[in-house]
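As structure tokens, the structure follows; a few thoughts come after it.
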Amino acid sequence: MFDKERQAIEAKIRTYCAQNEIPLGELKWVPIPFSGEWGFSTSFFQAAANEARTGKKIAVPQRAQEIAEQVRGPVSDLPGIRRVEAVKGYLNLYFDTAEYARRVADTVLEQGNRFGAGPAKGERVMVEYAQPNTHHSFHIGHARNAILGETLARIVQFAGFDTIRASYPGDMGLGVITVLWAYDKFYKDQQPQGIHERGQWLAKIYVEAIKLLEAKENETPEEKVQREVREAERREIYRKWDAGDPEVRNLWLETREWSLEELRDILCILDINIDVWFFESDVDGPSKAIVEELILRGIADDERPQGGAVIVKIDEKLGLTKEKYRTNVLLRSDGTSLYLTKDLALAKVKFEQYQVDRSIYVVDVRQSMHLQQAFAILKLWGFKQAEKCFHLGYGFVSLPEGAMSARRGRVVLFKDVADEAEQRALAAMGERTPEMPESERRIIAQQIGLGALKYALLSVDNNKDIVFNIDEALNFEGHTGPYIQNAHVRAASILRKSNVERQKSGAFDPSTPFVRRIASLMPRTTVARRPSRPGGPGLSARTGCETASSGQALRPVSFDYELTTHEVQLIDLISRFPAAVEQAANEYRPLVIANYAFDLANEFHSFYHAVPVLQAGSEDVKNARLQLVAAARQTLANALWLLGITDPEVM
RNA sequence: GCCCCUAUAGCUUAAUGGACAAAGCCGCGGCCUUCUAAGCCGUUGAUCCAGGUUCGAGUCCUGGUAGGGGCACCA
């Protein structure tokens, strides 16, 4: 936030060092890491080390301190800097808090829900996530994927990238056919009531079907015959599906829609709006076409004449002598395409039709080899975007009793956890807000419950596995989502009672013309209709830009009084938000924002406890603190938005 | 056999190569006639092992140990 000042200081340091023949090198600036201190800092170890390398006999730490002390002079008399100290090789510059605090507060309140957002980057990013299989259950592992992907999409969007959210459901293959077979055989024309009941029913049918199709231990000859008959029936359905048999296709489309209805509802609960839906079955055809192109270009080798498959010897084509990407199959010897083939075809669509510059894949870490292979082939193919393909892998979610297994039906369903979360939040609300109407109470409870769940999944670095413990995930105290939401509530409460006017948070709406006209770009894909909220518009606190306008606006204030440590630290943290956004976007790491949001909430809670606002000693101090609270509330709201967590006014 | 990921406090996790390794949970002790106690304050406690690079290593490199994942016609 204080780049201009920093640059001016750095220029002075450089001039001084040039005159005194100190080989400075690059200067790294960081916020002063001591709590209660506000300013920025740099060190001179590198410069001292550079000198040492020229042959001078010096001890680096001492020399660094000498340089810091020398440099201190030229920069000690700058406006806005209260104090400069040289200590242990570091140069610490402390802000004139009155001036800088006012600037931070003004900036936040002026920029509102855009505070922290980066300038337009002029690049288009597509984030692909939410790729569950249809005809299956949506479990907590899928939720990690969806939540991680959405948060990443929000981060890159907020950082200034033109962002497209893409979903790629697997709607074909043996698993899907297995469900069709069992449904057709045992449950034809039945269906339970309720979107989720119906979606989950398909997963139950799948588990039953697997039991019937798997060989048991000590299988009797009769059982074996029976099983083989079933297997033949399933193969026949697959053949019919592949041949486009109308009856099978209709059954497939109808049951697929049941899964998709449930998926859309879940995404709605998670506040996720997918821009583009790519179905695996849609890229199946095009994927076969690209195989010919890859053969013609000499990337793929056609071994079909020898009764083999079409393969890519990736290492060989890249000229690698050590095995790295190995060899992979593009087309089976029976002419059908594979997962890799489809991903290549889809990438081509992303690059050519959607003109994406960067392509992010939020996919289970177990597929990292597969994606590395795909990226390598895209590079061979000549797509310059291949360099900016990124696999955001994440560790899988298991249960305390072991891995989840869709085949065995041992899964924790997202919907069940979400419902449980709401119940627990409702219970935790208790008698806290007795006057709240029941309908609103339920909405808040859902927001708190989901806040806890989302934060639990986002506060672990993405490459780590998570053992999902529902009691830990739905904890509302300590390092949790509700803790952050509660800080927002407390800030909002103070502002409400102070009777000052403020902008309601309102949704950050960075949608570009491009995203809005996506619908016309790719006729083969289905474009999401915006799902409607089952609970009505009140469910999302961010769907409107209403302004709550009771009372007078915050007046320009002065922070020209003795600020407490808590106030200094709070302002310091607020001012770091834009840098956190930038870092998270550069590193594609939602965790950075999750950590930041907690730190800010933590600081706000401490401030709240220790520093009176409405009861402040003087009117001037009260007004300044109100500004600070308003700025903190806005920053908390923006950070929560990035995490996909609502910013309730009450809880 | 080869490749990738992980290893920090009793537990779950943080830490752009930089200053005293930071929190949460659990335990113990305080704080509701100040703005929401889903909170605040206090308290014990940690970098898997061995080398190396560097002025400086939890972080980078090499080799171990332990756990997880992956290696062409599954997705």
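Note on naming: letters A, B, ... go to the chains in the order of the sequence lines (proteins, then strands), and numbering restarts at 1 for each one. Only heavy atoms go into these numbers, but all of them, side chains included; no hydrogens, no water, no symmetry mates.
Between F396(A) atom CZ and rG67(B) atom P there is a gap of 15 Å when expressed in whole angstrom units. One can place CG of L392(A) at 16 Å from C1' of rC4(B), the figure rounded to the nearest angstrom. In this structure, the CG atom of N328(A) is 19 Å from the P atom of rC3(B), given to the nearest Å. Between M404(A) atom CE and rG69(B) atom C1' there is a gap of 16 Å when expressed in whole angstrom units. The distance from atom CD1 of I484(A) to atom C1' of rG24(B) is 12 Å, rounded to the nearest whole Å. As a whole-Å value, the separation of E280(A) CD from rC74(B) P is 13 Å.
Seen from the ring of F476(A), R424(A) does not count as a face-on cation partner, given the 6.0 Å and 45° thresholds. Both the sub-6.0 Å distance and the 45° axial angle are satisfied by R256(A) relative to the ring of F279(A).
Stretches of at least 3 consecutive Watson-Crick or G-U wobble pairs, with each checked distance under 3.5 Å, appear in RNA chain B as B:1-7 with B:65-71, B:10-13 with B:22-25, B:27-31 with B:39-43, B:48-52 with B:60-64.
Comparing the same atom, P, in rU62(B) and in rC3(B) gives a spacing of 11 Å after rounding to whole Å. When the P atom is used for both rA19(B) and rC11(B), the distance is 26 Å, rounded to whole Å. Comparing rC32(B) with rG39(B), their C1' atoms are spaced 10 Å from each other, to the whole Å. For the C1' atoms, the distance linking rG51(B) with rA15(B) amounts to 25 Å, nearest Å. Nucleotides rU6(B) and rA14(B) have their P atoms positioned 11 Å apart, rounded to a whole Å.
Aromatic stacking is marked for Y90(A) over rA19(B), as both cut-offs hold: 5.5 Å for the centres and 30° for the planes.
Of the possible donor and acceptor atoms, one in the side chain of D171(A) sits under 3.5 Å from a partner among the backbone N and O of S281(A). For the pair N145(A) (side chain) and A130(A) (backbone), a donor-acceptor distance under 3.5 Å is present.
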Please list each protein N or O that sits under 3.5 Å from an N or O in nucleotides 57-60 of chain B, with the distance.
none

Within the sub-3.5 Å range, which N or O atoms of nucleotides 11-16 of chain B have a protein N or O partner, and how far apart are they?
| from | atom 1 | to | atom 2 | distance (Å) |
| --- | --- | --- | --- | --- |
| rA14(B) | OP1 | D461(A) | N | 2.5 |
| rA14(B) | OP2 | K464(A) | NZ | 3.0 |
| rA14(B) | O2' | N595(A) | ND2 | 3.1 |
| rA15(B) | OP1 | R589(A) | NH2 | 3.0 |

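Between R304(A) and E292(A), at least one side-chain nitrogen of the basic residue sits less than 4.0 Å from a carboxylate oxygen of the acidic one, meeting the salt-bridge criterion.
Judged by distance alone, with hydrogens and angles left aside, R326(A) brings a side-chain donor or acceptor within reach of the base of rC2(B), the pair sitting under 3.5 Å.
For rC31(B), the base is anti relative to its sugar; the glycosidic angle deviates from 0 by more than 90°.
At a threshold of 4.0 angstrom between heavy atoms, the contacts of A52(A) with the nucleic acid are absent.
Here the OG1 atom belonging to T327(A) is positioned 7.0 Å from the CD1 atom belonging to I314(A), to the nearest 0.5 angstrom.
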